[in-house]
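Structure first, then comments.
These figures come from a predicted structure and were not determined experimentally. For this chain, numbers begin at 1 and follow the sequence in order.
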Amino acid sequence: MQTRRSFINTTLAASTTALLAATRTTASGAPQAHDKPAKRKRLSDRERPLDLNAAHRGTPVIDQRILAASGASAETLNFFTDARKIFEANRKSTFTELPELQRLCDKYGLTVSGGAMLGALKHDSAQLWVRTIRPAEVAVTVHTPQGERRFGPVFSSAETDFSAVVPLNALPSNSHLRYNLKVDGKSVPLPADASINTPPAPGQPGKFRIAFGSCFHKTGLSNRALLERMRLRGASAFITIGDCAVDDRDADIGLHRSDYLLRDMHPGWRKLAASTAVYAAWDDHDYFNNDRAGIPEGFTAADRNALRKLWRQNWNNPPYALTGDTQGTYFHTKIGSCDLIMLDTRSLRTAPGREDAYLGEVQSRWLEQELRGCTGSFVIITSGTMWSDNISNGKDSWGVWDRAGRERIFRLIEELRLPVLLLSGDRHGARVVRIPRESGHNFWEFEAASLGAHPGPGAYGHPKESQPFGVVRKSMFGECVVDTTCDEPTATINMVDPDGKEHWSRTFTRADIISRVPIPGGQT
């Protein structure tokens with residue numbers, strides 16, 4: 001066995017080197033001058049630059065090259081190459097329906113095929129997600145100042161597609177906690193720095209960091225420097241707002257699962273997810289395909305429900321607002337002293353111009369109810385596409401689909417005098433937009449849709465005066481640093497590149513956001 005693996009490692013290492021050389025690109029995703037192919041030459045998937053179009057095509061060779069670019073080991077690359085072939089031949093299958101995949105995992109000595117991924121982080125609790133190879137018992141040990149705490153066992157099953165979520169409760173707040181993971185009593189190797197970083201409790205002075213962004217589009221997950229920078233800056237949580245891991249798979253459920261397996265093979269992602277709680281919402285490319293929403297033509301409600309179920313099995317979000325097959329993937333939770341509301345801005349859309357066309361009637365009423373119950377120092381609300389309409393004439397935004405519904409929500413926020421921070425994605429670039437309001441309430445939108453540094457619309461829209469910052473074709477993530485050590489809490493928003501340079505930064509108090517004059521009928 002050792003001889004065989006040595007041979008594989010040597011062979012795959014050479015292949016990986018060749019693949020990486022073939023994928024050298026500039027920041028814009030274009031080939032280097034010395035790599036330009038001859039004119040009219042028909043390029044194979046192996047020869048094409050790894051740009052956004054390649055990620056969308058997602059052939060077995062392209063997916064192999066994406067993983068190679070992440071610096072994955074030769075053995076990991078070889079495993080995924082074989083697994084990808086299985087999914088290609090079984091485009092409608094679940095993990096549980098692929099015994100040949102289970103045998104492949106056994107061949108490579110894998111105990112899990114995904115995770116550990118942290119999620120649902122509060123000051124005193126978290127969740128840990130993992131995908132096992134077959135039905136199994138999952139347990140976690142957390143090392144606290146008071147001694148070891150054991151959680152579980154929780155059992156993965158065919159019903160959960162071999163995923164398991166272990167609740168980790170009664171943890172100390174504002175703490176750095178190491179943990180161990182076992183499956184069927186066998187220890188699972190974790191990244192060296194795997195830990196849970198709980199934020200301060202509400203009312204407890206302290207600071208905590210939340211990283212955010214969108215539009216990895218698979219290729220961005222290869223950017224280990226970007227992922228590592230989030231972790232090194234001390235992010236307790238990471239909010240990903242669409243186009244996270246799956247690229248244009250329509251209703252080919254097996255290929256969705258293949259893309260999630262690809263995510264879980266990336267070394268940078270594994271290290272981040274094992275130490276930073278992940279919160280995820282989908283956008284069009286995670287959902288069916290580019291710009292698709294609701295039930296796209298040619299698909300059915302059953303297809304939509306299958307994608308919702310698949311989403312829940314592959315992310316470690318807090319409990320969803322409504323979990324029936326006919327509902328979406330939205331939720332309201334707390335991170336430290338902040339409220340976090342993540343919306344489903346895809347699966348419940350109807351048609352532009354209709355009432356509640358963007359969120360759907362049920363989600364719209366739910367959002368209004370949840371806003372009335374927000375008590376956090378700040379309220380973070382996410383939308384897969386932009387809240388404002390100044391980029392690409394509002395293409396695919398809430399304003400195009402349901403301007404009246406958006407106005408109703410904005411008006412309610414003003415009346416409640418909530419210190420809301422708006423996060424968005426989709427429009428490939430890092431931008432800060434101020435949305436002016438007659439009331440004096442300041443709506444600020446922060447879009448870090450540049451995790452993959454893919455080309456898109458221009459950095460600035462119209463009117464440009466509403467944008468204090470805009471950068472495109474540069475890898476960057478957003479960061480929200482909440483500080484409750486002062487008399488008045490503050491939230492500092494940074495736009496950060498993989499080297500740690502802050503390209504834009506501003507600190508907000510609640511008073512910087514909330515209107516100076518109470519709105520009639522609202523809270524004082």
Side-chain angles (χ1 to χ4, degrees), residues 52-53 55-60 62-63 84 87-98 159-161 163 214-218 240-263 280-315 317 320-331 342-364 383-385 395-398 400-402 425-426:
L52 184 56
N53 289 329
H56 290 337
R57 286 199 309 278
T59 65
I62 287 172
D63 285 352
R84 180 65 177 80
F87 283 112
E88 184 73 20
N90 298 273
R91 293 187 171 214
K92 297 293 183 182
S93 296
T94 65
F95 281 101
T96 61
E97 295 169 336
L98 296 173
E159 175 60 27
T160 64
D161 208 20
S163 65
S214 76
C215 302
F216 272 128
H217 285 296
K218 291 203 298 190
T240 177
I241 317 165
D243 302 340
C244 311
V246 175
D247 260 299
D248 294 358
R249 297 307 196 182
D250 290 321
D252 286 338
I253 297 297
L255 294 185
H256 280 260
R257 288 184 167 87
S258 178
D259 282 355
Y260 283 123
L261 180 64
L262 177 62
R263 174 199 69 183
W282 59 17
D283 199 35
D284 48 350
H285 296 280
D286 306 294
Y287 186 49
F288 279 94
N289 212 309
N290 185 46
D291 289 345
R292 288 181 175 169
I295 302 177
E297 184 177 354
F299 297 96
T300 67
D303 293 325
R304 177 174 65 177
N305 292 342
L307 291 183
R308 287 171 175 165
K309 183 176 181 180
L310 179 75
W311 178 264
R312 294 178 185 129
Q313 291 172 340
N314 284 278
W315 292 101
N317 282 326
Y320 296 98
L322 298 169
T323 57
D325 284 344
T326 60
Q327 303 304 329
T329 57
Y330 49 96
F331 60 87
M342 297 194 74
L343 300 174
D344 177 353
T345 59
R346 283 293 165 187
S347 77
L348 293 162
R349 291 194 201 184
T350 54
R354 291 186 184 178
E355 186 175 359
D356 298 319
Y358 189 64
L359 297 181
E361 181 180 0
V362 173
Q363 185 177 195
S364 293
S383 170
T385 55
K395 177 183 180 293
D396 219 15
S397 76
W398 198 336
V400 168
W401 280 75
D402 181 17
D426 186 62

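Using a 4.5 Å heavy-atom threshold, the side chains of L310 and Y260 count as touching. By the 4.5 Å heavy-atom criterion applied to side chains, V246 and L255 are not counted as neighbours. Within the 4.5 Å cutoff, side-chain heavy atoms of L348 are placed close to those of Y330. L98 has its side chain within reach of S93: a pair of non-hydrogen atoms, C-beta onward, lies under 4.5 Å apart. Within the 4.5 Å cutoff, the side chain of Y358 has heavy atoms near those of the S383 side chain. Taking 4.5 Å as the limit, every side-chain heavy atom of W398 sits out of range of all side-chain heavy atoms of T385. Looking at Y287 and S347, their side chains come closer than 4.5 Å, going by heavy atoms from C-beta outward.
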Report task. Determine, step by step, whether W282 and M342 satisfy the side-chain contact (heavy atoms from CB on, under 4.5 Å) criterion, reporting the C-alpha distance in whole Å, the side-chain angles of both residues, the deciding distance to 0.1 Å, and the verdict. Result -> CA-CA 10 Å; W282 59 17; M342 297 194 74; over 6 Å; no

Report task. Give the intermediate values and the outcome of salt bridge (charged side-chain N to carboxylate O under 4.0 Å, His left out) for residues D63 and R84. Result -> CA-CA 8 Å; D63 285 352; R84 180 65 177 80; 2.8 Å; yes

Query raised in the report: Do D250 and R292 pass the salt bridge (charged side-chain N to carboxylate O under 4.0 Å, His left out) test, and can you show the C-alpha distance, the side-chain angles, and the key distance before you say yes or no?
Result: CA-CA 9 Å; D250 290 321; R292 288 181 175 169; 2.6 Å; yes

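Across all their heavy atoms, G425 and S214 have their closest contact at CA-OG, 3.2 Å. Closest approach of P352 to V400, counting heavy atoms only: CB-O, 4.1 Å. The heavy-atom pair separating W315 from C244 by the smallest distance is CZ2-CB, 3.7 Å. When all heavy atoms of A357 and A351 are compared, the closest pair comes out as CB-O, 3.0 Å.
In this structure, CZ on R312 lies 7.5 Å from OG1 on T329, to the nearest 0.5 angstrom. The line from CZ of F87 to CZ of R257 is 8.0 Å long, rounded to the nearest 0.5 Å. Atom CG of N305 sits about 9.5 Å away from atom CD of Q327, to the nearest 0.5 Å. Distance check: C215 SG to D283 CG gives 7.0 Å after rounding to the nearest 0.5 Å. Going from atom NE2 of H256 over to atom NZ of K92 covers 8.5 Å, rounded to the nearest 0.5 Å. In this structure, CG on N90 lies 11.5 Å from CG on D252, to the nearest 0.5 angstrom.
The neighbour count for E97 CD, taken as heavy atoms of other residues, nucleotides or ligands under 6.0 Å away, is above 12.
Within the 3.5 Å criterion, the main-chain N or O of T94 finds no donor-acceptor partner in the side chain of D161. Of the possible polar contacts, none joining the R57 side chain to the I62 backbone as a donor-acceptor pair under 3.5 Å is found. A donor-acceptor pair under 3.5 Å is formed between the side chain of T345 and the backbone N or O of G384. A distance-only check finds no donor-acceptor pair linking the side chain of Q363 to the backbone of L343 [under 3.5 Å]. One N or O on the side chain of D344 and one on the backbone of R346 form a donor-acceptor pair closer than 3.5 Å. No donor-acceptor distance shorter than 3.5 angstrom exists from the side chain of S258 to the backbone of G254, with no hydrogens or angles considered.
Partners of R354 according to the side-chain hydrogen bond (donor to acceptor under 3.5 Å, both in side chains) rule, which considers only residues two or more places apart in sequence or in another chain, do not exist here. Listed by chain and residue number, A301, R304 satisfy the side-chain contact (heavy atoms from CB on, under 4.5 Å) test with I295 (two or more places apart in sequence, or in another chain). For H217, the ring-ring contact (aromatic ring centres under 6.0 Å, His included) partners at least two apart in sequence or on another chain are H56, H285, H428, H454.
Remark: aromatic rings of F299 and F288 are close, center separation under 6.0 Å.
Exactly one of D291, D402, D396 qualifies for a salt bridge (Lys or Arg N to Asp or Glu O under 4.0 Å) with R349. That residue is D396. Each of D286, D247, D248, D259 was compared with K218 under the salt bridge (Lys or Arg N to Asp or Glu O under 4.0 Å) criterion, and only D259 meets it.
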